[in-house]
Amino acid sequence: MYDYITRNPQTPIVTPNVKNAPFQILKNGVKRFHLRAEPVVHELVNGIKIRGYGYNGSIPGPTILVNQGDYVQITVENRLPEATSVHWHGLIVPNRMDGVPGPGGSPTIRPGESFTYEFRIQQAGTFMYHSHVHDARQELMGLGGMLISRGIYEEPVDRDYVLLLQEWAVQTEMHQQNHDHQMNDHASRQLAPSIYNIAPMAMMFNFFTINGKAYPDTTPLLVRYGERVRIRLGNLSMDSHPMHLHGHDFITTAVDGNIIPVTARLKRNTINVAPGETWNIEFFTNNPGNWAFHCHKPHHTTNMHSIDMGGMLTVVRYVQ
């Protein structure tokens, strides 16, 4: 195993291309967050923009960073043209705070209204949040984000990255006519830079993103030689994504916010992230270069099923 002694126990948690959610600390120590659900125009790659739904102007929503034991108030303001809610995926919360109207009994947040979720963070780990009203549609319009809770037993690392996996059915004339998914020319020759609608109930996805961006617009994961690196993966899409790291093996250290015992950890180079799952993987930087990290479903590493590399791919880049 790796040397834990020299690692930084408070390494910043970084979500490339996504901001952290701002918060206030009240006099009683409560952390107060504000999420604004609203229509968002979001750029996937190279001038290709979509009309989606996001939080605080962002797709995905800002990453919420908390500590195990925090008491939080998260006010959700609904600026959408329809009702919504927020479910705290994987967190143990009171029933009314679970964000599931109907079968769960949580409040529905109607257009122009707000609701404040209040609960104590009981767990440490990697979690997500997303809509649970018309969730088959609203999640695939972009209403989701990551929530990371730090705990006292978290193993220290030198780099700590958060990656949320999503996919999109961008509605273009070519997409509607090309149901056989034949490979085409470069996406930039298919789609002029413009703003496109998406079809959240469609099953034919043509753009695949990490933190809302498709390659080559994904931000590289910077590392230095001799570091221990954690990557937190979450999947809010319809498909599973077997994420493969070039040039390194990694160890699976947590799943769905739960630490995997050391004796049960597997050394791998590919991890299948199913819909709704989160995984933590860690690796040691001992092989300098620029290394691809990507979904291994071939269509998922394209933009509009073009012949050029794109989609759900980023780079682990060694720097001096």
Going by atom types alone, do [X] and [Y] pair a side-chain donor with an acceptor below 3.5 Å?
| X | Y | value |
| --- | --- | --- |
| K297 | S240 | yes |
| T84 | Q138 | yes |
| N67 | R150 | no |
| S106 | D98 | no |
| E77 | H34 | yes |
| Q68 | E154 | no |
| W279 | T252 | no |
| S306 | D308 | no |

[X] vs [Y] aromatic rings, parallel, tilted or perpendicular, using cut-offs 30° and 60°?
| X | Y | result |
| --- | --- | --- |
| H244 | H296 | perpendicular |
| Y129 | W88 | tilted |
| H89 | H130 | tilted |
| F208 | H305 | perpendicular |

Got a salt bridge between [X] and [Y], using NZ or NE/NH1/NH2 to carboxylate O under 4.0 Å?
| X | Y | answer |
| --- | --- | --- |
| E82 | R137 | yes |
| K31 | E118 | no |
| D160 | R232 | yes |
| D249 | K267 | no |
| K49 | E43 | no |

If you round to the nearest 0.5 Å, how far is [atom2] of [Y] from [atom1] of [X]?
| X | Y | atom1 | atom2 | result |
| --- | --- | --- | --- | --- |
| N17 | L163 | CG | CG | 10.0 Å |
| L35 | N78 | CG | CG | 12.0 Å |
| H294 | T218 | NE2 | OG1 | 12.0 Å |
| I148 | M146 | CD1 | CE | 4.5 Å |
| I210 | L165 | CD1 | CG | 6.5 Å |
| L91 | M128 | CG | CE | 10.5 Å |

Subject >> F293-V18 co-clustered via ILVMFWY side chain contacts under 4.5 Å >> reply: no
**OP:** Please name the pair of heavy atoms, one in H246 and one in W291, separated by the smallest distance, quoted to 0.1 Å.
**Re:** O-CB, 3.5 Å
**OP:** Specify the closest pair of heavy atoms between I109 and Y117, including all atoms of both residues, with the distance to one decimal.
**Re:** CD1-OH, 3.7 Å
**OP:** Start with the C-alpha distance between R268 and E282, add both sets of side-chain angles, then the distance that settles salt bridge (charged side-chain N to carboxylate O under 4.0 Å, His left out), and finish with yes or no.
**Re:** CA-CA 10 Å; R268 315 181 61 164; E282 297 178 16; over 6 Å; no
**OP:** Determine, stepwise, if the pair N235 / E167 fulfils side chain to side chain contact (heavy atoms under 4.5 Å, CB included).
**Re:** CA-CA 10 Å; N235 183 358; E167 55 195 7; over 6 Å; no
**OP:** Check each of T126, I13, V157 against R230 using the side-chain contact (heavy atoms from CB on, under 4.5 Å) test, and report the only one that passes.
**Re:** V157
Original post:
Is the backbone N or O of V30 less than 3.5 Å from a side-chain atom of N28, with the two atoms forming a donor-acceptor pair by type?
Top reply: yes
Original post:
Does Q171 offer a backbone N or O that forms a donor-acceptor pair with the side chain of N197 under 3.5 Å?
Top reply: no
**OP:** Can you establish whether the number of heavy atoms outside Y215 located under 6.0 Å from its atom OH is more than 12?
**Re:** no
Subject >> Evaluation steps, side chain to side chain contact (heavy atoms under 4.5 Å, CB included), between Y55 and R36 >> reply: CA-CA 5 Å; Y55 295 108; R36 187 178 61 254; over 6 Å; no
